[in-house]
Amino acid sequence: MDIAFTEEERAFREDIRQLLRDNMPPELRRKLAEGRKLSKDEKAAGVRILYKKGVPTWPKEYGGAGWTPVQYYIFTEEVRAFPAWTQFGYGESLVGPVIYTFGNEAQKKYYLPRIANAEDWWCQGFSEPGAGSDLASLRTRAVRDGNHYIVNGQKTWTTWAQYADWIFCLVRTNPEAKKQQGISFLLVDVKTPGVTVRPIELISGGHEVNEIFFDNVRVPIENLVGEKNKGWDYAKFLLANERFSDAGVTSSKESIGRIKNLAARSCVGGEPIIDQGSFREKIAAVEVQLKALEITQLRVLANASRQHKSAQDPASSILKLKGAEIEQEIAQLLMDVAGPYSLPYLSEDHLEGNEPPIGPDWAATIAPGYFYSRAASIYSGSREIQKNIIAKAILGL
């Protein structure tokens with residue numbers, strides 16, 4: 001099934017392609033095409049180029065591009081295919097929408113321009129030891145002391161916190177209330193005394209996640225977003241946005257194209273892997289699933305434009321659930337293509353290898369990606385959590 005775009009949408013696609021061709025540094029493109037990591041400064045530079053027309057997902061009145069859902073979808077397709085880097089922490093995709101939806105005018109005026117200009121890197125302070133999928137059990141406390149909150153506790157699995165300028169946190173402000181009703185949404189400057197960031201090394205060998213400790217951290221009361229003890233509502237809004245982005249349709253499309261290219265160049269028994277019937281069947285099966293996911297994502301995008309600004313579409317859980325499964329299947333296909341050449345892999349940060357390379361350069365990046373993909377069915381809400389949401393909110397069970 002083909003998805004037809006209007007003449008205006010096709011012209012928009014060409015505008016994005018021209019923007020990328022004219023402005024994106026070749027070195028950034030090359031590193032991303034090779035599966036290598038960019039520095040914080042390189043990410044900021046790339047994002048500033050892509051945000052020239054405004055933040056892709058935001059309304060115009062807050063510094064956004066004011067694009068339709070379909071235009072944003074086209075934008076992400078072209079950026080992934082180029083490829084380019086679209087994210088500078090979690091400012092644009094997660095905390096930004098919370099601030100312009102629930103924050104006060106002072107917060108909008110200060111934080112949103114800095115996110116739009118890629119000045120501040122944001123990380124997410126939700127999960128804790130003992131409070132991951134059961135997030136409402138979090139124990140990090142914020143106690144009012146004059147014009148400040150005193151924050152004590154710990155967050156874990158905090159992605160990219162090593163780069164962060166700010167962290168948006170769920171904190172318990174009323175320990176006597178029902179656990180979902182005693183949580184607030186707080187913005188914390190990571191440079192504040194008492195904040196400690198420690199790396200967690202992944203099985204991939206990379207350093208992407210961290211644990212963060214708060215030891216009597218003084219946070220101004222004006223850093224509270226929305227109403228006190230209403231943070232759980234804001235978190236549900238944020239997680240719905242995150243689960244939508246985690247569908248990963250455009251990145252999966254790009255990965256399948258890469259698999260086909262590599263499989264055409266790699267042989268087993270003198271025959272290109274792409275010509276083997278069993279491998280072609282695997283590719284076709286994933287492409288069929290991805291097309292179904294793409295159509296579902298476009299339906300969610302269309303519905304989003306008709307919903308109240310703070311409403312969450314439970315179909316985002318379907319996108320997250322199936323998107324994670326497809327991501328893992330694609331990672332397995334890449335491992336199938338690389339075969340034994342993936343074993344002496346480079347660390348995820350590509351600083352050093354565990355053994356000298358024995359095959360093509362591209363194979364060294366496959367195993368870290370495979371290992372990291374195992375977490376796709378856990379982060380942003382585990383597979384079991386997504387199924388519960390689907391059962392209750394969609395099936396009415």
Results of ring pair (Phe, Tyr, Trp, His ring centres under 6.0 Å) for Phe214 - residues two or more places apart only:
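Listed in chain order: nothing, the list is empty.
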Can Lys179 and Asp134 be said to form a salt bridge (Lys or Arg N to Asp or Glu O under 4.0 Å), step by step?
CA-CA 11 Å; Lys179 60 183 183 180; Asp134 184 18; 3.3 Å; yes
Lys282/Asp336 ion pair, N-O < 4.0 Å:
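Looking at Asp336 together with Lys282, the answer is yes, because their closest N to O distance falls below 4.0 Å.
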Given side chains that start at C-beta, do those of Glu384 and Lys387 come closer than 4.5 Å, heavy atoms only?
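No, every pair of side-chain atoms sits at 4.5 Å or beyond.
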[atom2] on [Y] to [atom1] on [X], rounded to 0.5 Å:
X	Y	atom1	atom2	answer
Leu112	Asn117	CG	CG	11.0 Å
Lys322	Ser317	NZ	OG	15.0 Å
Leu50	Phe88	CG	CZ	13.0 Å
Glu281	Ile283	CD	CD1	11.5 Å
Glu128	Leu135	CD	CG	7.5 Å

Partners passing side-chain hydrogen bond (donor to acceptor under 3.5 Å, both in side chains) against Gln87 (at least two apart in sequence or in another chain):
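Scan of Gln87 (side-chain hydrogen bond (donor to acceptor under 3.5 Å, both in side chains), adjacent residues dropped) gives Ser93.
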Does a sphere of radius 6.0 Å around [atom1] in [X] hold more than 12 heavy atoms from other residues, nucleotides or ligands, not counting ones at 6.0 Å or beyond?
X	atom1	result
Lys191	NZ	yes
Arg280	CZ	no
Lys108	NZ	yes

Name the one of Asn223, Val188, Val95 that satisfies side chain to side chain contact (heavy atoms under 4.5 Å, CB included) with Trp166?
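Among Asn223, Val188, Val95, the one that satisfies the side chain to side chain contact (heavy atoms under 4.5 Å, CB included) with Trp166 is Asn223.
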Matching residue for Lys253 among Arg258, Glu287, Glu294, Arg80 - test: side chain to side chain contact (heavy atoms under 4.5 Å, CB included)
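Option passing the side chain to side chain contact (heavy atoms under 4.5 Å, CB included) with Lys253: Glu294.
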Centre of Tyr370's six-membered ring, under 6.0 Å away, within 45 degrees of the axis: is that where NZ or CZ of Arg374 sits?
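Because its charged atom sits under 6.0 Å from the ring centre and within 45° of the axis, Arg374 does stack over Tyr370.
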Under the 6.0 Å and 45° cation-pi test, does Lys43 pair with Trp121?
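That pair does not qualify as a cation-pi contact.
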Between Phe102 and Phe185, ring centroids under 6.0 Å:
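No - the distance between ring centres of Phe102 and Phe185 does not fall below the 6.0 Å cut-off.
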Checking Thr173 against Asn229: is there a side-chain donor and acceptor pair closer than 3.5 Å?
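There is such a pair between these side chains.
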Would you please say whether a donor-acceptor pair under 3.5 Å links the side chains of Glu329 and Gln289?
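The criterion, which ignores hydrogens and geometry beyond distance, is satisfied for Gln289 and Glu329.
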Fit a plane to each ring of Trp58 and Tyr100, take the angle between them on a 0 to 90° scale, and name the class: parallel (under 30°), tilted (30 to 60°) or perpendicular (over 60°).
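Ring orientation of Trp58 relative to Tyr100: perpendicular.
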